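Here's the structure, in structure tokens; my notes come after.
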Amino acid sequence: SLAMPPSALLTDPQPRPTLDSRQPGLTPQLPPGPPAVSSNPIAVLRFARELGKDPVEFQRKRFAAYGDTYTSRVGAQLTLVTRDPAHIVRVLLEDAQSYQKPDTGLTSAQMKRVLGNGLVTSNGELWKEQRRQVQPAFGSQHIRGYAATMVEAGQRWRARHVPSPP
């Protein structure tokens, strides 16, 4: 899944949302999502604990309930979360410079503490340089080499988390 700022998702006269924030005359229309988590520290801690138990299952339930793109409100932070391939391609490949990750705030500080200042948390020139350095690892030859390992890892995860049919 991918999180992005709410300004990234705008609607046009068609029913399907678009990620183009540069088109004049468009107004933000946020997709539905779970109830907001207040900025009360206890509410935020409850949310963090629930998310931390099993992040994959947490997101799976939210996507099942709200669709492939939903709005998440935690305290003052408003975030769009998506697994829509078209949105992901747009944000990560086609128009990455228009989508900046937060540099300040609780979420940013936590992400940087856990992940460092790498591709997931950086912006701008630092992000471009890091992406350039890792790009060769994502060439088709390398991906073919990773395929068996990824399939095995997925099968192990599924065996642990998905009940077998009766």
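Because the structure is a prediction, the values reported are computed rather than measured.
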Those residues at least two apart in sequence (or on a different chain) that pass side chain to side chain contact (heavy atoms under 4.5 Å, CB included) with R46 are I42, R49

Find out if a path of hydrophobic residues (ILVMFWY) with successive side-chain heavy-atom gaps under 4.5 Å connects L119 to F138.
yes

Taken to the nearest 0.5 Å, the spacing of N117 CG from Q130 CD works out to 6.5 Å

**OP:** Test T69 against V81 for side chain to side chain contact (heavy atoms under 4.5 Å, CB included), laying out the working first.
**Re:** CA-CA 6 Å; T69 302; V81 181; over 6 Å; no

Show me the donor-acceptor pairs within less than 3.5 Å that the side chains of residues 146-160 make with the rest of the protein, sequence neighbours left out.
| residue | atom | partner | partner atom | Å |
| --- | --- | --- | --- | --- |
| Y146 | OH | A137 | O | 3.2 |
| W157 | NE1 | H161 | NE2 | 3.2 |

P136 and H142 have their tightest heavy-atom pair at O-ND1, 3.0 Å

Between L80 and P31, the two heavy atoms sitting closest are CD2-CD, 3.7 Å

Output for pair (Y70 OH, R62 CZ), nearest 0.5 Å, gives 4.5 Å

Rounded to the nearest 0.5 Å, the CG atom of L78 sits from the CZ atom of R73 at a distance of 5.0 Å

One should read off an interatomic distance between L126 CG and T121 OG1, to the nearest 0.5 angstrom, of 8.0 Å

### Query
Any donor and acceptor pair, going by atom type alone, linking the side chain of S39 with main-chain N or O of V74 inside 3.5 Å?
no

* Using a cut-off of 6.0 Å, state whether more than 12 heavy atoms not belonging to Q141 lie near its atom CD. => no

**Q.** Side-chain heavy-atom pair R83, F63 within 4.5 angstrom cut-off
**A.** yes

Rounded to the nearest 0.5 angstrom, the CD-CG distance for Q59 and L51 is 7.0 Å

dist Y66:OH -> T71:OG1 (nearest 0.5 Å) comes out at 11.0 Å

